J.: 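Below you will find the structure I want to go over with you.
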Amino acid sequence: MEQHHQANSSSSTTKLRKPWIRRHPLLTTFTLLIFIPIFVLVAYFMLRPYFSTFDRSDQGDLSYSMPSQNGEYTAEIYGVPYGGAAGGVTIWVDVRKTNDLDASSVKTIYRAEYHGHNHLEWEGENTLRIENWSEYSDESITLNIEDEIYDGRGWACKSLRMKDQYVQCLSPKK
């Protein structure tokens with residue numbers, strides 16, 4: 001009988017404690033509601049460059065266009081405003097075959113912040129000079145339209161989604 005009593009007393013002293021999550025449900029819920037959104041935001045901003053594309057979904061206004069010397073291509077420069085009252089403008093340069101009206105044949109080759117003076121000039125059949133400068137910064141560049149792209153943010157050069165769309169990706173030296 002004593003053995004039975006000792007077995008019961010030892011099992012009552014070794015009660016399992018509840019896990020911390022069950023003992024503090026409000027603190028656990030509050031912690032999860034704070035840290036999960038913070039983790040998602042940090043992950044989004046850190047991984048965004050790796051999934052970036054040149055897609056601007058037909059936003060922006062056409063500033064001007066310029067046909068190539070042989071008339072095969074047309075370069076178009078667009079301005080896309082961002083950021084509301086304190087924002088700015090991002091400029092995009094698209095190149096399309098002049099006689100092809102298909103939207104899938106358009107290739108974006110340049111993205112950068114607008115600096116005040118911009119100009120397009122064809123230096124050859126496949127070479128386009130894009131000028132985008134001010135007295136404080138200069139993102140002017142000459143690109144081979146078939147092989148090169150330029151991204152002022154540098155995201156296109158890191159992007160896993162754009163690796164097959166260029167041979168050489170150029171970005172500003174930082």
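All of these numbers come straight from a predicted model, not from anything done at the bench. Because only heavy atoms are used, hydrogens play no part in the values below, and waters and symmetry mates are left out as well, while side chains stay in.
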J.: Are Glu125 and Asn70 side-chain neighbours, meaning at least one heavy-atom pair lies under 4.5 Å?
T.: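 Contact flag for Glu125/Asn70 side chains = yes.
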
J.: Only counting residues at least two apart or in another chain, list the ones meeting side chain to side chain contact (heavy atoms under 4.5 Å, CB included) with Thr98.
T.: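 Expected list: Thr74.
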
J.: Pair up each side-chain donor or acceptor in residues 78-89 with any protein partner under 3.5 Å, not counting sequence neighbours, and list the distances.
T.:
| residue | atom | partner | partner atom | Å |
| --- | --- | --- | --- | --- |
| Tyr78 | OH | Glu76 | OE1 | 3.0 |
| Tyr82 | OH | Glu113 | OE1 | 2.6 |

J.: Which residues pass the ring pair (Phe, Tyr, Trp, His ring centres under 6.0 Å) test with His117, sequence neighbours left out?
T.: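 Partners of His117 under the ring pair (Phe, Tyr, Trp, His ring centres under 6.0 Å) test: Trp133.
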
J.: Show every donor-acceptor pair shorter than 3.5 Å between a side-chain atom in residues 30-54 and any protein atom, with sequence neighbours excluded, or say none if there are none.
T.:
| residue | atom | partner | partner atom | Å |
| --- | --- | --- | --- | --- |
| Thr31 | OG1 | Leu27 | O | 2.7 |
| Thr53 | OG1 | Asp55 | N | 3.2 |

J.: Could you report the tightest heavy-atom contact between His119 and Tyr64, atom names first, then the distance?
T.: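 Residues His119 and Tyr64, closest heavy atoms: CA-OH, 2.6 Å.
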
J.: According to ring pair (Phe, Tyr, Trp, His ring centres under 6.0 Å), who are the partners of Trp122, at least two apart in sequence or on a separate chain?
T.: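 Testing Trp122 for ring pair (Phe, Tyr, Trp, His ring centres under 6.0 Å), a comparison that skips the adjacent residues, returns none.
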
J.: List for me each residue that meets side-chain hydrogen bond (donor to acceptor under 3.5 Å, both in side chains) alongside Thr90, sequence neighbours excluded, and say none if there are none.
T.: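 In terms of side-chain hydrogen bond (donor to acceptor under 3.5 Å, both in side chains), with neighbours along the sequence ignored, Thr90 is linked to no residue.
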
J.: Please check: side-chain N/O of Tyr166 versus main-chain N/O of Gln168, any donor-acceptor pairing under 3.5 Å?
T.: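 Such a contact is absent between Tyr166 side chain and Gln168 backbone.
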
J.: Please list, chain by chain and in numerical order, all residues satisfying side chain to side chain contact (heavy atoms under 4.5 Å, CB included) with Glu123, sequence neighbours excluded.
T.: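 Here the qualifying residues are Thr127, Arg129, Thr142.
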
J.: With sequence neighbours left out, which residue pairs that include part of residues 116-170 fulfil the disulfide bond (SG atoms under 2.5 Å apart) condition?
T.: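 Residue pairs with at least one partner in residues 116-170: Cys157-Cys169.
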
J.: Would you say Leu170 ends up clustered with Trp155 if hydrophobic residues are merged whenever their side chains have heavy atoms under 4.5 Å apart, either directly or through other cluster members?
T.: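 Cluster IDs for Trp155 and Leu170 differ.
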
J.: Quick one: does any side-chain atom of Ser68 pair with a main-chain N or O of Tyr73 as donor and acceptor, under 3.5 Å?
T.: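 Present.
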
J.: Using the test side-chain hydrogen bond (donor to acceptor under 3.5 Å, both in side chains), find all partners of Glu139 that sit at least two apart in sequence or belong to another chain.
T.: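 Partners of Glu139 by the side-chain hydrogen bond (donor to acceptor under 3.5 Å, both in side chains) criterion, ordered by chain and then number, come out as His115, Tyr150.
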
J.: Are a donor atom and an acceptor atom from the side chains of Asn132 and Ser140 found within less than 3.5 Å of each other?
T.: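 Side-chain D/A pair, Asn132 to Ser140: absent.
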
J.: Between the side chains of Tyr110 and Asp151, is a donor N or O closer than 3.5 angstrom to an acceptor N or O?
T.: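 Not at all, the side chains of Tyr110 and Asp151 share no donor-acceptor pair under 3.5 Å.
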
J.: I need the minimum non-hydrogen distance between Lys107 and Ile149, along with the two atoms involved.
T.: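 Result for this residue pair: CE-CG2, 4.5 Å.
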
J.: Quick one: salt bridge (charged side-chain N to carboxylate O under 4.0 Å, His left out) pairs with a partner in residues 21-31, sequence neighbours left out?
T.: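 Residue pairs with at least one partner in residues 21-31: there are none.
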
J.: Only counting residues at least two apart or in another chain, list the ones meeting salt bridge (Lys or Arg N to Asp or Glu O under 4.0 Å) with Glu146.
T.: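 Per chain and number, Glu146 pairs via salt bridge (Lys or Arg N to Asp or Glu O under 4.0 Å) with no residue.
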
J.: Tell me, please, which residues at least two apart from Lys163 pass salt bridge (Lys or Arg N to Asp or Glu O under 4.0 Å).
T.: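 Scan of Lys163 (salt bridge (Lys or Arg N to Asp or Glu O under 4.0 Å), adjacent residues dropped) gives none.
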
